[in-house]
Number of protein chains: 2
Amino acid sequence: MANIREIARLAGVSVSTVSRVLNNHPYVSTAKKDAVLKTIEKLDYSRNINAVHLSQGKTNMVGVVLPTINHPYFSALLEGIAEEAMKHNVQLVLFQTDYNQDKELEALEQLRGHLIDGVIFCSRAVQFDLLLNYKGIGPTVLCEDADQQEFPSVSIKHVEAFNLGLDYLVSKGHEKIAICLGRLEGTNSQKRKAAYEKKMKVIGEKFRREWIIGQCLMIEDGKKVIDEYLEWDEKPTAFLVGNDQVAAGMIAEAKNNELTVPEDFAVISFDNHPISKILGITTIEIPTKQLGSSAFMAYIDQSKDIEYSDKIVLPVKLWERKSV
Amino acid sequence: MANIREIARLAGVSVSTVSRVLNNHPYVSTAKKDAVLKTIEKLDYSRNINAVHLSQGKTNMVGVVLPTINHPYFSALLEGIAEEAMKHNVQLVLFQTDYNQDKELEALEQLRGHLIDGVIFCSRAVQFDLLLNYKGIGPTVLCEDADQQEFPSVSIKHVEAFNLGLDYLVSKGHEKIAICLGRLEGTNSQKRKAAYEKKMKVIGEKFRREWIIGQCLMIEDGKKVIDEYLEWDEKPTAFLVGNDQVAAGMIAEAKNNELTVPEDFAVISFDNHPISKILGITTIEIPTKQLGSSAFMAYIDQSKDIEYSDKIVLPVKLWERKSV
DNA sequence: CCTTGACCTGAAACGCGTTTCACAAATTAT
DNA sequence: ATAATTTGTGAAACGCGTTTCAGGTCAAGG
């Protein structure tokens, strides 16, 4: 395929002039500009983007690290990022990691290698110290309720939101409360667990470790929760559930077992994704898509000023429906 | 940042040798290899991937074109692609187009520009002729029930699947059938419409244009369907719905209007995504994730042999549940 | 002792667009 | 009319890793 030098030769100009035409620089006479354009047309020329990237030292691409795409939370987050990226003419490179730490670091390595200009972590399993090694290479944004000031972060206040849910259940007369979390190893889950334990103490209720169910991520996991529930001798009267999907699965599975919500037990979850609305699930809204667009904006801000490191907190909102 | 020449200088070898070490070529003495490795370590060197891309003329990245990420169908498809891509060490670049034709073509332009080695279209709005202009530039895979042989394609047999749904409803005694489709302009919808019209004729039922409802994509659209249904003087006894999400929305909204499924009307949809299972929706399974992985495999096949252009058809399966 | 092939190494060319610098020509300002 | 800009253009350097080619060494085979 033709390159810029050939265009220059055929159009009878220098490569610099061709480059200027390509980039709409001023200071090119219309005569030469036309000649170049005509030649480009004739040879069906198209710029080699890799050469541009190499030359400019940047690619206008950012990496997005997420465990899985096929989950409403992450696909909403990703969509928020993608919409904002599009506005800024930035391309997204996906790193679906399934929480594999090496794959998470892979994104950072690609940042070092100039494949991408920055990285947005939608979630991560890798230790924070390891991230720190890559600080300063390029803008890095974390979608998490961060304790650190090294990287800009975007999230809701997880503990606060969790307490909101707990308090709501308590206000409705529930004291025997079980919780369903995602990855128990995750920092969020740790915080939520602590908040739960504390709250139980405050209301003078026994803290039952068995009432913390982990690995609740998808609709299907709701069945697992009900199975466990059925086994318990002592039953909770309410569940605080990490996300709408699981809550939906629980409610459906409850019905299969002739249990009704909220009569047999109440359910409140997080997200306020469409499914919670149609099933009448009381939920705490997490502005997932905005989280994504804010994350991208934080990336932009940091790319303008590498010192930038804000902690962006978006508000949550309780939607009272019929599951409590 | 250091480059390969500096490493070579400090290690006292040639750049070729450094390159060989970097690429694990044989024929490098251990002494020199160690020296290079040590120097790389010392300078904290990391390869400039853009230079590699430029030099190799390829990037090991493929573009994925889809209208929206935040929809179970597309995120499942994308996940299938992503998993397979990971196995092949290929990175994905996202093109979320919202069915904007220019953005779809943008992906092809990036292919021309060597940003990506190939393109997978999860869905498209752009005319086929326009795609044809880009044929031969690089592997291009279409996820659609294609009539053409120019590009490899991956899909289910849409008309057949649609007829399966129609026949099932008929076999259950339904004749007054309405259908809910996605983008009416899409080729799939056109085919389905034709199949619907034909089937109505076969069973001697009047073809009612009003009973074809378009723009049914998300859960929320289910409400719209029910609103229309309530307006109709003559009511259908069954709906064939383009995807589970809409069916779920319909069933929920039906309940809000004191209608019960399948008593007031039956519903059968497509996808067999988790939501259909928990809501007991009779559905025709589309192996969405496999569609994605097959699409990626077709990309790989075509990248090995540019002449490759198979039409891959995956089977569908009817899941009888309680909505018919 | 000679041939052959495996092993090792470096110089140079290649992929290709951008940008800086120097300089000339045409305007505008003084 | 002269100085100061603005406009227009090209040569050359730059970003950087890969690959080809030619040449050399050394051990095994005949």
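Only a predicted model underlies this, so the values are computations on that prediction, with no experimental measurement involved. Reminder, nothing fancy here: chain letters follow the sequence lines and each chain counts from 1.
- The phosphate of C/dG10 has neither OP1 nor OP2 within less than 4.0 Å of any side-chain N or O from B/S16.
- Within the 4.0 angstrom heavy-atom criterion, only backbone atoms of the sugar-phosphate kind lie near B/S29; the bases stay farther away.
- With C/dC16, D/dG10, D/dT18 as the candidates, the nucleotide lying closest to the side chain of B/I4 is D/dT18.
- Projected onto DNA chain D by closest heavy-atom contact, A/K32 and A/R5 fall at different nucleotides, the more 5' of which corresponds to A/K32.
- In this structure, CG of B/L115 is placed 15 Å from P of C/dC16, rounded to the nearest angstrom.
- Rounded to whole Å, the distance from NE2 on B/H25 to C1' on D/dG17 is 11 Å.
- Applying the 4.0 Å criterion to OP1 and OP2 of D/dT18, one finds that B/N23 has a side-chain N or O inside that range.
- Atom NZ of A/K42 sits in a sparse spot, with 12 or fewer heavy atoms from other residues, nucleotides or ligands closer than 6.0 Å.
- Note on B/Y27: every side-chain N or O is 4.0 Å or more away from OP1 and OP2 of C/dC8.
- Taking only side-chain nitrogens and oxygens, B/K33 never comes nearer than 4.0 Å to OP1 or OP2 of C/dC8.
- Annotation: A/K311, atom NZ; neighbour count of heavy atoms from other residues, nucleotides and ligands within 6.0 Å is above 12.
- Residue contacts shown for B/V18 are absent, as no nucleic acid heavy atom lies under 4.0 Å away.
- Taking atom CG of residue B/L22 and atom P of nucleotide D/dT19, one finds them 12 Å apart after rounding to whole Å.
- D/dC16 atom P lies 5 Å from atom CG of B/N3, rounded to whole Å.
- Between B/N24 atom CG and D/dT19 atom P the separation is 13 Å, expressed in whole Å.
- Per the geometry, CG belonging to A/D34 stands 12 Å off P belonging to D/dT9, to the nearest Å.
- Ring-plane geometry between A/H71 and A/Y73 is classed as perpendicular, the angle between the planes exceeding 60 degrees on a 0 to 90 degree scale with a lower cut at 30.
- Applying the 3.5 Å distance criterion, the base of D/dG10 shares a donor-acceptor pair with the side chain of A/R20.
- Within a 6.0 Å radius of NZ in A/K191, other residues, nucleotides and ligands contribute more than 12 heavy atoms.
- Atom-to-atom, CD of B/E6 to C1' of D/dG15 comes out at 14 Å; the value is rounded to the nearest Å.
- Side-chain proximity of B/S19 to C/dG10, D/dT19, D/dA11: nearest is D/dT19.
- The closest side-chain donor-acceptor pair between A/S16 and A/S19, if any, does not fall under 3.5 angstrom.
- Side chain of A/D145 to backbone of A/K157: no donor-acceptor contact under 3.5 angstrom is found.
- Looking at heavy-atom distances under 4.0 Å, A/T17 makes contact with sugar-phosphate atoms alone, never a base.
- No more than 12 heavy atoms of other residues, nucleotides or ligands sit less than 6.0 Å from atom NZ of A/K38.
- For B/Q56, taking side-chain heavy atoms from C-beta onward, the closest of the listed nucleotides C/dT9, D/dT18, C/dT19 is D/dT18.
- Between B/H88 and B/F296, the ring planes are tilted. Angles from 30° to 60° get that label.
- In the region residues 42-55 of chain A, proximity to DNA chain D at under 4.0 angstrom, judged on heavy atoms, holds for A/A51, A/L54, A/S55.
- Spacing between atom CD1 of B/I7 and atom P of C/dG10 amounts to 15 Å, rounded to whole angstrom units.
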